[in-house]
Trainee: 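I'd like to ask you about the structure that follows.
In this text the structure is predicted, and so the values were computed from the model without any measurement.
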Amino acid sequence: MSAVMDARARAKVQPVAEETIQGEYLQALRLIERLHRLLLDVIKDEFQRQGGSDLNSVQALLIYNIGESELTAGDLKRGGYYLGSNVSYNLKKLVDMGYIHYKKSETDGRSVRVSLTDKGHDVCDVVNKLYQRQLSSIETVGSVDNEDLKHLNKALMRLERFWSHQILYRL
C-alpha cells in the first residue's frame with residue numbers, strides 16, 4: 001500500500017513542476033499579446049488627445065519604426081514588426097494619406113524604398129513624446145526600474161531566439 005501511495009505522491013509532485021513552467025509560459029504568452037494590444041491602445045489614446053487623426057495605431061507605430069530611415073517593406077518584415085500583407089497595405093495607405101513617400105530602388109527596380117514626409121515626421125514626434133513622457137514616470141508610477149527592464153529584455157531576447165530556432169531548425 002505504501003508503494004502505491006509513494007507512486008501517487010511522486011505523480012502529483014512531477015506534474016506540479018511541469019505545470020509551474022507551463023503556467024508561467026502560457027501567462028507570458030498572454031501578457032505579450034495583451035501588452036502589444038495595450039501599446040496600440042495607448043498610442044490611439046494619445047492621438048485622440050491630440051485632436052484625432054486619420055491614422056490607426058498600427059500605422060502610427062509603423063511610422064515611428066521607420067523614423068529617420070529609408071527602408072523597404074521587406075526591411076520592416078525582416079525587422080520582425082509586421083506581417084507581409086499588413087505592411088504592404090499600410091504602406092500604400094500611408095503613401096496615399098501623405099505620411100510616407102516612396103521611390104523605386106535604384107539597384108532593384110522591383111523594390112520600393114519608403115521614408116517619412118514632414119507629416120510622417122510629425123506623427124513620429126507625437127509617439128516619441130509619448131514614450132518620453134512615459135519614461136519620466138515609469139519608475140515612480142509604474143514601479144519599473146532600469147534593472148527590471150534589463151531582465152525583461154534579456155528574457156524576451158532569449159524567447160525570441162528560442163522561437164526563431166523552432167522555425168529555423170524545425171524543432
Trainee: Kindly compute the distance separating CD (Glu33) from CG (Leu31), expressed to the nearest 0.5 Å.
Mentor: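 Glu33 atom CD to Leu31 atom CG measures 10.0 Å (nearest 0.5 Å).
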Trainee: In the structure I gave you, are the side-chain heavy atoms of Met97 and Asp54 within less than 4.5 Å of one another anywhere?
Mentor: yes
Trainee: For a 4.5 angstrom cut-off between non-hydrogen side-chain atoms, does Asn90 reach Val58?
Mentor: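 Side-chain contact under 4.5 Å: yes.
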Trainee: Do Lys150 and Glu147 sit within salt-bridge range, that is, some charged N less than 4.0 Å from a carboxylate O?
Mentor: yes
Trainee: Between Asp96 and Lys92 (salt bridge meaning N to carboxylate O under 4.0 Å), is one present in this structure?
Mentor: yes
Trainee: Distance-only, no hydrogens or angles: does the Thr72 side chain make a donor-acceptor pair with backbone N or O of Asp75 under 3.5 Å?
Mentor: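 Yes: the side chain of Thr72 pairs with the backbone of Asp75.
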Trainee: In terms of hydrophobic clusters joined by side-chain contacts under 4.5 Å, are Ile138 and Val42 together?
Mentor: no
Trainee: Going by ring-ring contact (aromatic ring centres under 6.0 Å, His included), name the pairs with one or both residues in residues 100-138, residues two or more places apart or in two chains.
Mentor: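 ring-ring contact (aromatic ring centres under 6.0 Å, His included) check on residues 100-138 returns Tyr64-Tyr131.
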Trainee: With Val114 as reference, evaluate Val87, Leu62, Leu94, Ile66 under the side chain to side chain contact (heavy atoms under 4.5 Å, CB included) test and give the passing residue.
Mentor: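 Exactly one option meets the side chain to side chain contact (heavy atoms under 4.5 Å, CB included) with Val114, and it is Ile66.
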Trainee: Is Leu168 linked to Met157 within one hydrophobic cluster, defined over Ile, Leu, Val, Met, Phe, Trp and Tyr using a side-chain heavy-atom separation of less than 4.5 Å?
Mentor: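 Hydrophobic grouping puts Leu168 apart from Met157.
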Trainee: Do Ile63 and Val112 belong to the same hydrophobic cluster, where Ile, Leu, Val, Met, Phe, Trp and Tyr are linked whenever their side-chain heavy atoms lie under 4.5 Å apart, directly or via other members?
Mentor: yes
Trainee: Mind checking whether Leu38 and Val126 sit in one hydrophobic cluster, side chains of I, L, V, M, F, W, Y counted as touching below 4.5 Å?
Mentor: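 No; Val126 is not reachable from Leu38 via cluster members.
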Trainee: Give me each pair satisfying side chain to side chain donor-acceptor pair (under 3.5 Å) with a member in residues 159-171, each pair once, sequence neighbours excluded.
Mentor: Tyr25-Trp163
Trainee: Would Glu70 and Lys103 pass as an ion pair if we require N to O under 4.0 Å?
Mentor: yes
Trainee: For the atom pair CZ (Arg34) and CZ (Arg37), what is the distance rounded to the nearest 0.5 Å?
Mentor: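 Reported to 0.5 Å precision, the distance equals 8.0 Å.
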Trainee: Within a radius of less than 6.0 Å around NZ of Lys93, do more than 12 heavy atoms belonging to other residues, nucleotides or ligands occur?
Mentor: no
Trainee: Grab the two heavy atoms, one from Glu139 and one from Val144, that are nearest each other, plus how far apart they are.
Mentor: CG-O, 3.2 Å
Trainee: Taking atom CG of Leu159 and atom NZ of Lys154, what is their separation to the nearest 0.5 Å?
Mentor: 14.5 Å
Trainee: Nearest 0.5 Å, please: how far is CG in Leu35 from CD1 in Ile32?
Mentor: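 The CG atom of Leu35 is 8.0 Å from CD1 of Ile32, to the nearest 0.5 Å.
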Trainee: Could you state the interatomic distance from CG (Leu61) to CG (Leu55), rounded to the nearest 0.5 Å?
Mentor: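 It is 11.5 Å, given to the nearest 0.5 Å.
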Trainee: For the side chain of Asp45 and the backbone of Asp41, is there at least one donor-acceptor N/O pair under 3.5 Å apart?
Mentor: no
Trainee: Kindly indicate whether the side chain of Leu130, heavy atoms from C-beta on, has any atom under 4.5 Å from the side chain of Gln134.
Mentor: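 They are in contact (side-chain heavy atoms under 4.5 Å apart), so the answer is yes.
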Trainee: Search all heavy atoms of Cys124 against all heavy atoms of Leu116 and return the closest pair with its distance.
Mentor: CB-CD1, 4.1 Å
Trainee: Side-chain heavy atoms nearer than 4.5 Å, only ILVMFWY residues, links allowed to pass through others: does that put Leu135 and Leu152 together?
Mentor: no
Trainee: Is a side-chain donor or acceptor of Asn153 paired with a backbone partner of Leu149 at a separation under 3.5 angstrom?
Mentor: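 The answer is yes, because a donor-acceptor pair under 3.5 Å joins these two groups.
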Trainee: Taking the side chain as everything from C-beta on, heavy atoms only, tell me whether Ile100 gets closer than 4.5 Å to Lys119.
Mentor: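 They are not in contact (no side-chain heavy atoms under 4.5 Å apart), so the answer is no.
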Trainee: Check whether any side-chain heavy atom of Tyr99 sits under 4.5 Å from a side-chain heavy atom of Asp122, and report yes or no.
Mentor: no
Trainee: Can you confirm whether Lys129 sits close enough to Glu46 that some side-chain heavy atom of one is under 4.5 Å from a side-chain heavy atom of the other?
Mentor: no
Trainee: For the side chain of Ser57 and the backbone of Ile43, is there at least one donor-acceptor N/O pair under 3.5 Å apart?
Mentor: no
Trainee: Checking Leu26 against Gln22 for the side chain to side chain contact (heavy atoms under 4.5 Å, CB included) test, could you report, in this order, the C-alpha distance in whole Å, the side-chain angles of both residues, the deciding distance, and whether it holds?
Mentor: CA-CA 6 Å; Leu26 294 175; Gln22 178 182 1; 3.8 Å; yes
